[in-house]
Amino acid sequence: MKTMSNVDIYTISNELNNLLSGARVDKSFQPTKDIVVVRFHVPGTGRIDLVMQCGSRIHTSQYPLENPTNPPTFPMLLRKRIKGAHVESIKQHNFDRVVEIKVKKNKYYTIIVELFDKGNIILLDDENNIILPLKRKHWSNRDISSKKEYMFPEERGINPITSTIEEFKKIFENAESDVVRTLATNGLGSLYAEEVIARANEIIEVDKNTSNENLNEEQLEGLFKGFKNLFDSLKNESVKPQIVKNDSKEDVVPLDLVKYNTFEKTYYETFNEACDEYYSKKVNTGIKDIKESAWNKKVGKYEKRLSLQQETLNNFEKTIEESTHKGELIYSNYTTIENMINVVNTARSKDYSFKEIGKTLNKAKKDGMAEAQVYESIDKLGVLTLDIEDTKINIDPKLTIPENAENYYEKAKKAKRKTKGALTAIENTKRQLEEIKAKKDIAMENILVPKKRVKKNLKWFEKLRWFVSSDGILVIGGRDANTNESVVKKYLEPNDIYLHADIHGATSTAIKLNGVGLNDNIIKESGEFAASFSSAWSKGFTSQDVFWVHPDQVSKTPEAGEFLPKGSFVIRGHRNYIRGARVKLAIGIVDYEGKRIMAGPIDALEAHCENFVVLKPGFTKKEAIAKKILNKINENDLIDLDDIIRVLPSGKCDIDEEYHQRKKYEKS
């Protein structure tokens, strides 16, 4: 995969500065060891994900990458230090492959993104000291580690945006090389070095392999004109972002290039968009290798288990066959074996040791005694090993012939009993193996064909908290201080009802009656909604008091000498209380002005959809619980993970398994 050139980075930096200046920094992630994603909120636009890959690329992306369950140290530090900060500027450092992202929170911070070979991503404080690098590096002239002052790489090359003809000529005077190498090694790279020469050749002939000392004045001036002709487009921001292709090559560039005249071109509105399409699909190949290796380990575990289980089954079957055969041999050679037993027992009665008996039997075998030919050995406990029809059989002289045979038959029966369990275990492992292979195939397909995040056109109420009661009444609530203001000032009408949990930190809730009479059912469900979308959830409460009033009792005018923060209101007059409103929610897909996800009281979800998940305050993080919910309710890929996270209450959750088990029992 190609790394971004100085020209690419210049174009990207300008676009990012225009797009993200003033944006608020949200969460940070680290999908792989060298990729960091920082999420921004841009007023009027919404979420923007910025992907930064060490030594490779930086651009916005609409292709979400899978993040680890436990975030690594670097993104967690970014969350701690710069979440909530606002972007001051984004710029390229000296036309080098280094980007500076300056943000301000309580003080200034800078994210340095190094895109040269063995690059890095580094967080600096307001005094240019390193807080933490993604990778610790040390060279003779640079030390990239915590608490060290950050030193930019040594400046080299020429800045095509600001350079004069004198500076341009000087790079050829000081280099003992040819034209194309001189341009390439001075910050242009081979692609743009050859492009400068191609444009110069429209003015005067210049061979790219001409040595610098053989260049004449006219050729130098022609090269400079080609140089300026190319980079004036960047200076004037007259870029034409595109992905170019032919049979064997694909590239992403911000300008029309002579070299790519014959290539198939796809143009994009921004260079960020072009880079997203180019890099996101290619980087997935690298991620695929990492993920596939991890999946192969999981698959390999089951394959190894299956192999061992099959080997065990084979051993059982072999034991059954061999033990049964040995038992039959004992009976078919009854007289011979009985004679051997008598010899041993007679010798033992005369106080001969087993060792002496063994020597005697060996001598008899050598002397050609017919009955001794089956003898192989005798151990210190007196157990005979006989070789009958090329089969080794152990015979205990203290036992009768039938008892010796029964030992082998019993061994065969025991192996047969174990065979049944082994077959069951093998079937279970085969099923688990198929399941893990199927999961692997789905995971690999999702990586190879990344799903682009498409911004959805939300209805006005979807920008707030909302649900539709079991009576069909719309109830809305604020998501934060700003939307709490909107609920009261913009959406609360004279005939509506205002609710608020009797606790600090809660949504301003409005029942949009639209002429419908108020009843106990609407009040109950709206109370549960207001209670659940309050700090009672994050505190782990199971119930919470909620009050309701009429709109004319809600005021933004404080008492004399008091101050009301944004999103807060004064309630005057009598308050009606809903005591012990249940802190519990259900989430499902409902058909309200089209199919959409809704989070609200259980009764409302029961009335409007069959497939929903009930949640209670718990201990599971939003991303993890959202994945479980997505697997249970997603119909025809109508929603994605972000849709679910958006409607979840503030704080951790758990699925109310008891509710679902009870409902399952009632249905059965």
Side-chain angles (χ1 to χ4, degrees), residues 458-539 541 543-585 592-593 598-604 607-608 647 649-650:
L458 300 176
K459 296 284 186 180
W460 68 270
F461 53 84
E462 287 184 286
K463 296 176 183 177
L464 307 166
R465 302 286 189 190
W466 70 280
F467 80 96
V468 180
S469 75
S470 53
D471 298 325
I473 303 300
L474 178 64
V475 180
I476 58 172
R479 302 182 65 85
D480 50 29
N482 288 330
T483 49
N484 276 342
E485 292 271 343
S486 296
V487 166
V488 174
K489 291 183 175 180
K490 188 175 180 180
Y491 300 113
L492 187 65
E493 296 176 312
N495 293 324
D496 294 340
I497 295 294
Y498 176 86
L499 299 92
H500 195 281
D502 197 17
I503 189 173
H504 179 72
T507 177
S508 284
T509 304
I511 305 174
K512 304 294 295 173
L513 288 172
N514 290 325
V516 176
L518 187 64
N519 60 52
D520 291 343
N521 187 59
I522 297 173
I523 285 292
K524 173 182 175 292
E525 291 178 14
S526 300
E528 291 180 3
F529 178 82
S532 297
F533 287 111
S534 74
S535 58
W537 189 282
S538 57
K539 293 177 188 294
F541 295 172
S543 64
Q544 173 61 44
D545 290 348
V546 176
F547 66 81
W548 65 269
V549 296
H550 296 284
D552 58 5
Q553 294 178 253
V554 185
S555 173
K556 190 66 181 172
T557 307
E559 301 294 338
E562 293 182 355
F563 168 76
L564 280 180
K566 196 168 191 176
S568 298
F569 299 92
V570 174
I571 307 298
R572 293 187 168 91
H574 175 71
R575 301 184 183 193
N576 303 281
Y577 276 91
I578 308 163
R579 297 296 182 184
R582 183 168 54 176
V583 180
K584 193 173 283 189
L585 287 171
Y592 181 73
E593 297 186 24
M598 182 177 91
I602 298 171
D603 292 348
H608 294 294
V647 301
S650 298

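Positions are given from 1 along the sequence. Since the model is a prediction, treat every value here as computed from it, not as a measurement.
Residue Pro558 comes nearest to Leu564 through the heavy atom pair CB-CG, 3.9 Å, listed as atom of the first residue, atom of the second, then distance. Counting all heavy atoms, side chain and backbone alike, Leu585 lies closest to Pro601 at CD2-N, 4.3 Å. Closest approach of Ala501 and Ala506 over heavy atoms only: CB-CB, 3.9 Å. Closest approach of Ser532 to Trp537, counting heavy atoms only: O-CB, 3.4 Å. For Gly567 against Glu485, the heavy-atom pair with the smallest separation is N-OE2, 2.6 Å. Here the shortest heavy-atom pairing between His504 and Ser535 reads O-OG, 2.7 Å.
Residues passing the salt bridge (charged side-chain N to carboxylate O under 4.0 Å, His left out) test with Glu462, sequence neighbours excluded: Arg596. The side-chain contact (heavy atoms from CB on, under 4.5 Å) test applied to Pro565 returns Phe563, Ser568, not counting sequence neighbours. For Ser469, there are no side chain to side chain donor-acceptor pair (under 3.5 Å) partners two or more places apart in sequence or in a different chain. Qualifying side-chain contact (heavy atoms from CB on, under 4.5 Å) partners for Thr509, counting only residues two or more places apart in sequence or in other chains: Val475, Leu499, Thr507, Phe529, Ala530. Judged as a salt bridge (charged side-chain N to carboxylate O under 4.0 Å, His left out), and not counting sequence neighbours, the contacts of Asp545 are Arg579. Qualifying side-chain contact (heavy atoms from CB on, under 4.5 Å) partners for Ala581, counting only residues two or more places apart in sequence or in other chains: Ala531, Val546, Ile578. Phe461 pairs by the ring pair (Phe, Tyr, Trp, His ring centres under 6.0 Å) definition with Trp466, Tyr592, not counting sequence neighbours. Residues satisfying the salt bridge (charged side-chain N to carboxylate O under 4.0 Å, His left out) test with Lys539, not counting sequence neighbours, are none. Val647 pairs by the side-chain contact (heavy atoms from CB on, under 4.5 Å) definition with Ile587, Ile597, Ala599, not counting sequence neighbours. Listed by chain and number, the residues in a salt bridge (charged side-chain N to carboxylate O under 4.0 Å, His left out) with Lys463 amount to none (sequence neighbours excluded).
Interatomic distance, OH of Tyr498 versus CZ of Arg575, reported as 9.0 Å (0.5 Å rounding). The distance from the CG atom of Leu464 to the CD1 atom of Ile476 is 5.5 Å, given to the nearest 0.5 Å. Between the CZ atom of Phe569 and the NZ atom of Lys489 there is a distance of 6.5 Å, given to the nearest 0.5 Å.
Val468 has its side chain out of reach of Ile473: every pair of non-hydrogen atoms, C-beta onward, lies at least 4.5 Å apart. Side-chain contact check for Ile503 versus Phe541: some heavy-atom pair is nearer than 4.5 Å. Residues Ser526 and Trp548 have side chains not in contact (no heavy-atom distance under 4.5 Å, counting atoms from C-beta outward). At least one side-chain heavy atom of Ile602 sits under 4.5 Å from a side-chain heavy atom of Arg582.
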- Message: Run Val570 and Thr557 through side-chain contact (heavy atoms from CB on, under 4.5 Å) and show every step you take.
- Response: CA-CA 7 Å; Val570 174; Thr557 307; over 6 Å; no
- Show the numbers, then the answer: is there a side-chain contact (heavy atoms from CB on, under 4.5 Å) between Lys556 and Val488? CA-CA 9 Å; Lys556 190 66 181 172; Val488 174; over 6 Å; no
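In this structure a side-chain-to-backbone donor-acceptor pair under 3.5 Å is present from Asn484 to Ser508.
Applying the side chain to side chain donor-acceptor pair (under 3.5 Å) test to pairs two or more places apart or on separate chains, those with a residue in residues 510-525 are Ser470-Asn521, Ser470-Glu525, Asp471-Asn519, Asp471-Asn521, Glu493-Lys512, Asp496-Lys512, Asn521-Glu525, Lys524-Glu528, Lys524-Asp603. Applying the ring-ring contact (aromatic ring centres under 6.0 Å, His included) test to every pair with at least one member in residues 471-492, sequence neighbours left out, gives these pairs: Trp460-Tyr491.
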